[in-house]
Amino acid sequence: MPAESSTTEPASTPLARLHPLARLRPLARLRRRWAWALLALPIVLVVFTDARIRGDRLASLPFKYLVSYSFSIAESAVLWGLLLFAASAQRGAFRWIAATFFCLSAALAVGVQIYFHRQYSTYLNLDATLFGTSFSSSLLGQLKADGKNFLISVVPPLLLAMAMVWLGRTLLRPQRSNASKAARFLTPLAVIAAFLIPCSYRTVQASTPDVIYFHAIGGLMKVLTGVRTGAQVRPGLRSPPKLPVLDRAPTPRRNVLFILTESVRADASCSDHRESCPNAPRTNAAVPGRAPLLQMRSNASTTAIELAVLWSGLQPVASREALHSAPLLFDYARAAGVDDAYWTSHHMLFANSRLFVQDLPTSKQCGATDLDPLADIDLGASDDLLVKRVEAEIGTLKEPFFGVAHFGNTHVPYLVDPADAPFQPALESKAPDDTEAYHNYYRNAVHRQDKSIGELIRMVRQSPFGDRTVLVFTSDHGEAFREHGQLGHTGSILDEEIHVPFWIDAPPGTLTHDEEASLAALRDTPVFHTDVTPTILDLLGLLDAPTIAPYRKTMVGSSLLRPRPAPPVLALSNCSGIWGCAFRNWGVMQGSLKIEGREWDNQWHCYDVLADPEEKHDLGLAACGELPLLADKQYGGLPSVIR
Ligand SMILES: [Zn+2]
């Protein structure tokens, strides 16, 4: 406490009580006046910080967003002003509660946002905390991986807040007055209001960062306390083992670029080269000599599950722990000294994806908000921007390299180019009567994306490393247009959702004759995404490395570049340890035989997908041999009976 002898003296007037020396009275008056201005300092600093971080974006906000931003300034000013006023009181326990909350909130609501924006080019918002499922575990994970940068973001606001409390107690010193009483009553209300008041937090984020933060925490508390439900099984942080240095077997000189797209079903693309391919003309023309696999299927129709399957070789039914601890293609590549990259236009806040990929050992990596800070959470950034990023960086990778270019604009709500939309009539309407027009709308999105993918292929093939780079292409899953009643994906393992395009384009000399022959022989054979990890490991010369044998054993698939073993029994499921399904659906497949069930089915359906590609004729259980039994064993029964 500062020396203040006057408080012990009997005084005739309040001012005289403040200081006995009359000549200091004007100074004291001045101090009091400015002390009130101190209460406005927090909001000034918040807006200043926000302007430093994204000033040009704020300056270009349309009018309606400026209104929403102004409202958040008012909310923030009231909250911080009241807290600081209460924290500046001269006595009482409440001032310590207020001071602690003021300082910690400054560190978190401002510091965490500074840190978060540096990582994602967007502020932490309600979507991120909800998709985070377990916010504390993601925070701890971040701290473990990046503690220093976290402290650099959080400590300055904390120290500034502490300095402001000290200044408030030195200069402001609110007396026991009606104002102080009102502050005791209003401060908790302002805090609760900050948790509850709606704000602009999604794409544009026309709110101050602290307001977005309080809103997110408020929403999270609603979920945790059961007021609102929504927390589900979502991807988490990975904990892969440290692999020993891997020796690569001799292979022809080759890099691998894995082009992965989103929600593109087999019949929306052209796996095989055709005279005319209206959906994807540029890709069709760019790789005329590609080797197509016309019966490729994903093992689920959920993005997060398929990323794990495609990169780990595990099945969707592997445990959550296994899916999070298995080495991924990036881990294998890095252990073998193969340079690697993961470029995606997908939004890393979508369904928590960031946690799963943030620790990938890549030398180049990007997500939607790195490409465009305003990227839509479902669509991601524009695929054109993704291609530009890959073009800028792929040449800097050391050969041999392994890269993944992951496209996203064919996810609902589908990005189309109205000026180049050949499939008509096309409607965004999801009404049952408009299904065909909606399907056209989707085809137009595939058509738009084809320009980007075609451009990427053209660029790779024209680059110095082009004639030694093997391209692998597929989609994470398909998309339903009410073939069996449902729209979109994750709803079933029926073929509209899991039959996907696949081809490998290998320049002359990048595959051995045996590899070429094996691949060509599989053109019409049912193969699966679980075969992709072994195939890419094979391309990198790693499939037979003795040290990865234990991991190889956990993979049910096999390299598409080698003679095909007997078809394995595969578990297909959208209910996985990495993703909890909204509607239960699963099944089993072996060769072309599939059994399948959704949660309203009271018996398994059996289909032969080669003889009946539209899955219209249920062959009955007997036709699927022991598959129903195996499914019962795997899942404990039909989706309808498992609760
Ligand atoms: Zn997907």
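Since the model is a prediction, treat every value here as computed from it, not as a measurement. Quick note: residue numbers are just sequence positions, from 1. Numbering of ligands and ligand atoms starts at 1, following listing order.
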(request) Using a strict cut-off of less than 4.0 Å between a Lys/Arg side-chain nitrogen and an Asp/Glu carboxylate oxygen, indicate whether Lys594 and Asp495 qualify as a salt bridge. (result)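 Yes.
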(message) Could you check whether Asp420 pairs with Arg448 (Lys NZ or Arg NE/NH1/NH2 to Asp/Glu carboxylate O, under 4.0 Å)?
(response)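 No, this pair does not count.
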(request) Kindly write out the residues that satisfy disulfide (SG to SG under 2.5 Å) with Cys270, not counting sequence neighbours, or none if the list is empty. (result)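 So Cys270 forms a disulfide (SG to SG under 2.5 Å) with Cys277.
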(request) State which residues pass side-chain hydrogen bond (donor to acceptor under 3.5 Å, both in side chains) with Thr554; sequence neighbours excluded, sorted by chain then number. (result)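 Thr554 satisfies side-chain hydrogen bond (donor to acceptor under 3.5 Å, both in side chains) with no residue once adjacent residues are dropped.
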(message) With heavy-atom distances below 4.5 Å as the criterion, would you say the side chains of Phe423 and Pro278 are in contact?
(response)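 A side-chain contact under 4.5 Å exists here.
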(message) Applying ring pair (Phe, Tyr, Trp, His ring centres under 6.0 Å), can you list everything that pairs with Phe473, at least two apart in sequence or on another chain?
(response)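 Residues passing ring pair (Phe, Tyr, Trp, His ring centres under 6.0 Å) with Phe473: Trp503.
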(message) Restricting to under 2.8 Å, identify the protein N, O or S atoms around the Zn ion (ligand 1) as residue plus atom.
(response)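 Under 2.8 Å from the Zn ion (ligand 1) - ignoring waters, which are not counted - the protein N, O or S atoms are Glu262 OE1, Glu262 OE2, Thr303 OG1, Asp476 OD2, His477 NE2.
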